[in-house]
There are 2 protein chains.
Amino acid sequence: MENNKSTGEILREKREEKGLLLRHISAELDIDTAILSKIERSERKATKEQILKLADILNLNKDNLLVQYLSERILYEIRDEELGSKALKVAEQKMKYINNKKSQA
Amino acid sequence: MENNKSTGEILREKREEKGLLLRHISAELDIDTAILSKIERSERKATKEQILKLADILNLNKDNLLVQYLSERILYEIRDEELGSKALKVAEQKMKYINNKKSQA
DNA sequence: ATTATATTTGACACTAATTGTCAAGTGTAA
DNA sequence: TTACACTTGACAATTAGTGTCAAATATAAT
């Protein structure tokens, strides 16, 4: 199902494929190259706005990239939590319950 | 499966069941009653440490309460995100993948 | 109605986490 | 040995999270 590449890896691969340099892209994002370098190596998280711009610049599917990105934020939230995967499952249940309520209304 | 009560509701119910006042518990947590009041009404998030203490004070199962709490933090992370439930599913896949790798090592 | 107590509300202070810059460092290839 | 791309780490700026306090509201007992 191909979700084993990190957002950073996806970004770096696509950038290199296009022959672009860090400074080309970081200029468009209006940040220092240092940050983009760190984002690509998963040393820093991007912001949502940066992700959306990156999808544009690199011709990546916005929804896919955003889902990757959000899933990493979720996992970061439960990093080194013993009960992380239980919490994820419960979160999904709650989400379903909420969505049900919405569709009823 | 009973995951439709918020952490705050659980805390308030149990506190009232025990006939305790906000100030009794907030004293033990070393915070103002105002915050505990807000936590019980889901207007503020507790910290993990507060959750663990609350489980102690109110004789609630630590793991259950922590899972409730963490699941709310996860949902908070994807609040008003269209793609929230996709992101949750992908997070679970990644989690499984990571856990697999661990058990192989 | 008045007092007493419990809880709630909102303005604001403090702290911690996140996001950023900058300058010096490393790697690689003319 | 110069040039260029990228990386690293110290630290500055910004934003989000956690808390206090005092005033407001709610409820119940005189």
Side-chain angles (χ1 to χ4, degrees), chain A residues 6-55 57-58 65-66 68-81 84 87, chain B residues 6-55 57-58 65-66 68-81 84 87:
Chain A
S6 70
T7 303
E9 284 167 339
I10 293 168
L11 295 173
R12 175 148 294 188
E13 277 182 20
K14 200 68 191 276
R15 175 173 67 83
E16 290 180 340
E17 199 181 302
K18 296 205 149 210
L20 295 168
L21 299 179
L22 286 177
R23 75 181 139 80
H24 297 136
I25 297 180
S26 62
E28 291 211 54
L29 297 180
D30 194 29
I31 54 174
D32 196 278
T33 57
I35 296 180
L36 184 54
S37 167
K38 285 168 186 170
I39 290 171
E40 287 186 347
R41 287 171 298 105
S42 304
E43 201 187 299
R44 284 274 182 108
K45 284 169 290 185
T47 65
K48 186 185 175 183
E49 290 62 39
Q50 288 164 349
I51 288 296
L52 296 177
K53 276 197 188 175
L54 284 163
I57 297 166
L58 297 171
L65 192 64
L66 196 52
Q68 282 301 319
Y69 169 71
L70 291 172
S71 70
E72 280 173 16
R73 297 194 66 117
I74 290 168
L75 290 177
Y76 183 75
E77 190 65 30
I78 53 177
R79 67 195 178 283
D80 47 59
E81 282 291 348
Chain B
S6 70
T7 304
E9 285 168 337
I10 293 168
L11 295 173
R12 174 148 295 188
E13 278 182 20
K14 200 66 192 279
R15 176 174 66 81
E16 290 180 342
E17 198 181 304
K18 295 204 150 210
L20 296 169
L21 299 178
L22 287 177
R23 75 181 138 81
H24 296 136
I25 296 179
S26 62
E28 292 211 53
L29 297 181
D30 195 28
I31 54 173
D32 196 278
T33 56
I35 296 181
L36 185 54
S37 168
K38 285 168 186 168
I39 289 171
E40 287 185 347
R41 287 170 299 105
S42 304
E43 200 186 301
R44 285 272 183 110
K45 285 169 291 184
T47 64
K48 185 184 174 184
E49 290 62 38
Q50 288 164 350
I51 288 295
L52 296 177
K53 276 198 189 175
L54 283 163
I57 296 167
L58 297 171
L65 193 63
L66 196 53
Q68 282 302 319
Y69 169 71
L70 291 172
S71 70
E72 281 173 16
R73 296 194 68 116
I74 290 168
L75 291 176
Y76 182 75
E77 190 66 30
I78 53 177
R79 68 195 177 284
D80 45 59
E81 283 291 348

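Residue R23(A) places no side-chain N or O under 4.0 Å from the OP1 or OP2 atom of dC4(D). For R12(B), no side-chain nitrogen or oxygen approaches OP1 or OP2 of dA6(C) to under 4.0 Å. The shortest distance between the side-chain N/O atoms of Y76(A) and the OP1/OP2 oxygens of dT18(C) is below 4.0 Å. Between R44(B) and the phosphate of dT9(C), there is no side-chain N or O to OP1/OP2 separation shorter than 4.0 Å. Within the structure, every side-chain polar atom (N or O) of S37(A) is placed at least 4.0 Å from both OP1 and OP2 of dC6(D).
Here CD1 of I39(A) is found 7.0 Å from CD1 of I51(A). Values are rounded to the nearest 0.5 Å.
In this structure, the NE2 atom of H24(A) is 9 Å from the P atom of dC6(D), given to the nearest Å. We find that CD of E16(A) is positioned 11 Å from C1' of dA5(D), with the value rounded to whole Å. As rounded to whole Å, 13 Å separates atom C1' of dT18(C) from atom CD of E77(A). Put simply, CD1 on I39(B) is 15 Å from P on dT9(C), counting in whole angstrom units. Atom CD1 in I35(B) sits about 15 Å away from atom P in dA22(D), given to the nearest Å. Rounded to whole Å, the distance from NZ on K48(B) to C1' on dT18(D) is 18 Å.
Geometric assessment of R73(A) against the ring of Y76(A) yields a negative cation-pi assignment under the 6.0 Å and 45° thresholds.
Summarising the geometry of L22(B) relative to E40(B), their closest heavy-atom pair is CD2-OE1, 3.5 Å, with the distance given to 0.1 Å. Smallest separation of non-hydrogen atoms from S26(B) and T33(B): OG-CG2, 3.3 Å.
Checking dT21(C), dT7(C), dT18(D) against every side-chain atom of K45(B), the shortest atom distance belongs to dT18(D). Here dT8(D) is the nucleotide among dT8(D), dT8(C), dT7(D) with the atom lying nearest to any side-chain atom of E43(A). For I31(A), the side-chain atoms get nearest to dG20(C) when compared with the rest of dG19(D), dT9(C), dG20(C). Out of dC21(D), dT21(C), dC6(D), the shortest distance to the side chain of D32(A) is found at dT21(C).
Looking at heavy-atom distances under 4.0 Å, L21(B) makes contact with sugar-phosphate atoms alone, never a base. Among the heavy atoms of the strands, none lies under 4.0 Å from R73(B). If you check every strand for non-hydrogen atoms under 4.0 Å, Q50(B) touches sugar and phosphate atoms only.
At a threshold of 4.5 Å between non-hydrogen side-chain atoms, the residues L66(B) and E81(A) count as touching.
Between T47(A) and R41(B), it is R41(B) whose nearest contact on DNA chain C lies nearer the 5' terminus.
In this model, no side-chain donor or acceptor of K38(A) finds a partner on the base of dG20(C) within 3.5 Å.
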